[in-house]
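Taking it in order: structure first as structure tokens, then the write-up.
Just so we're on the same page: letters track the sequence lines, and every chain starts at 1.
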Amino acid sequence: KAGVTQTPRYLIKTRGQQVTLSCSPISGHRSVSWYQQTPGQGLQFLFEYFSETQRNKGNFPGRFSGRQFSNSRSEMNVSTLELGDSALYLCASSLALSGAGELFFGEGSRLTVL
Amino acid sequence: ELKVEQNPLFLSMQEGKNYTIYCNYSTTSDRLYWYRQDPGKSLESLFVLLSNGAVKQEGRLMASLDTKARLSTLHITAAVHDLSATYFCAVDAGGSEKLVFGKGMKLTVNP
């Protein structure tokens, strides 16, 4: 059974650019969540999608956005990149929207903003 | 706002020793998760604790949940070098965030 797949794994951008990250969940999982991991702030929740709808959102500026497609694949976009956006972006999938749904994480996309 | 605190944040221990690490959280929840992260890698699910008094064991690790005390423990028995990693607890409080993570505990097991 394939796990959560994230692409690209590594990328380098410059300030002001935008970036799109992709996540393919485990087959059959309909919920996709995104997290940002930095040494200073740790793991912070960005947003969650279920059935193509954003269900929950963390405390991030509007430059961070996402979407989910009918096949449950999800993308997140960060516009007008800032140096502080350098982080490991982790995608997680689960069967359930909330409650007892265990999260399964992908390998992450490591973004460096120069 | 749900807060999750882990302590200690750094632990260096010798192989063969036992130790318990703690995860406290600030609001009511009966769903707590433990994850392991190796350097440069993603998070690996270790335990899912879904009720008060839940206890789960896998190899040298045992996790428990006390929802009344809002506390989970992760006990390490006879540590080995392969357990060296960062361990995160995460709590689902059913709010606007999927899971709220603690800052993680970096464990180093020395020969």
task = Take B/Ile76 and B/Leu107 through the side chain to side chain contact (heavy atoms under 4.5 Å, CB included) test and state the conclusion after the steps.
result = CA-CA 11 Å; B/Ile76 303 163; B/Leu107 172 65; 3.8 Å; yes
query = Would B/Phe47 and B/Ser72 count as a side chain to side chain contact (heavy atoms under 4.5 Å, CB included) if you check the C-alpha gap in whole Å, the side-chain angles of each, and the deciding distance to 0.1 Å?
reply = CA-CA 11 Å; B/Phe47 299 108; B/Ser72 179; over 6 Å; no
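Both the backbone and the side chain of A/Leu43 come within contact range of chain B, each with at least one heavy atom under 4.5 Å from a heavy atom of that chain. Using a 4.5 Å cut-off between heavy atoms, A/Gln37 contacts chain B through its side chain alone, with no backbone atom that close. For A/Leu46, no part sits under 4.5 Å from any heavy atom of chain B, backbone or side chain.
Under a cut-off of 6.0 angstrom, the local environment of CZ in A/Arg63 is crowded, with over 12 non-hydrogen atoms contributed by other residues, nucleotides or ligands. Remark: B/Gln57 CD is packed, more than 12 non-hydrogen atoms of other residues, nucleotides or ligands lying under 6.0 Å away.
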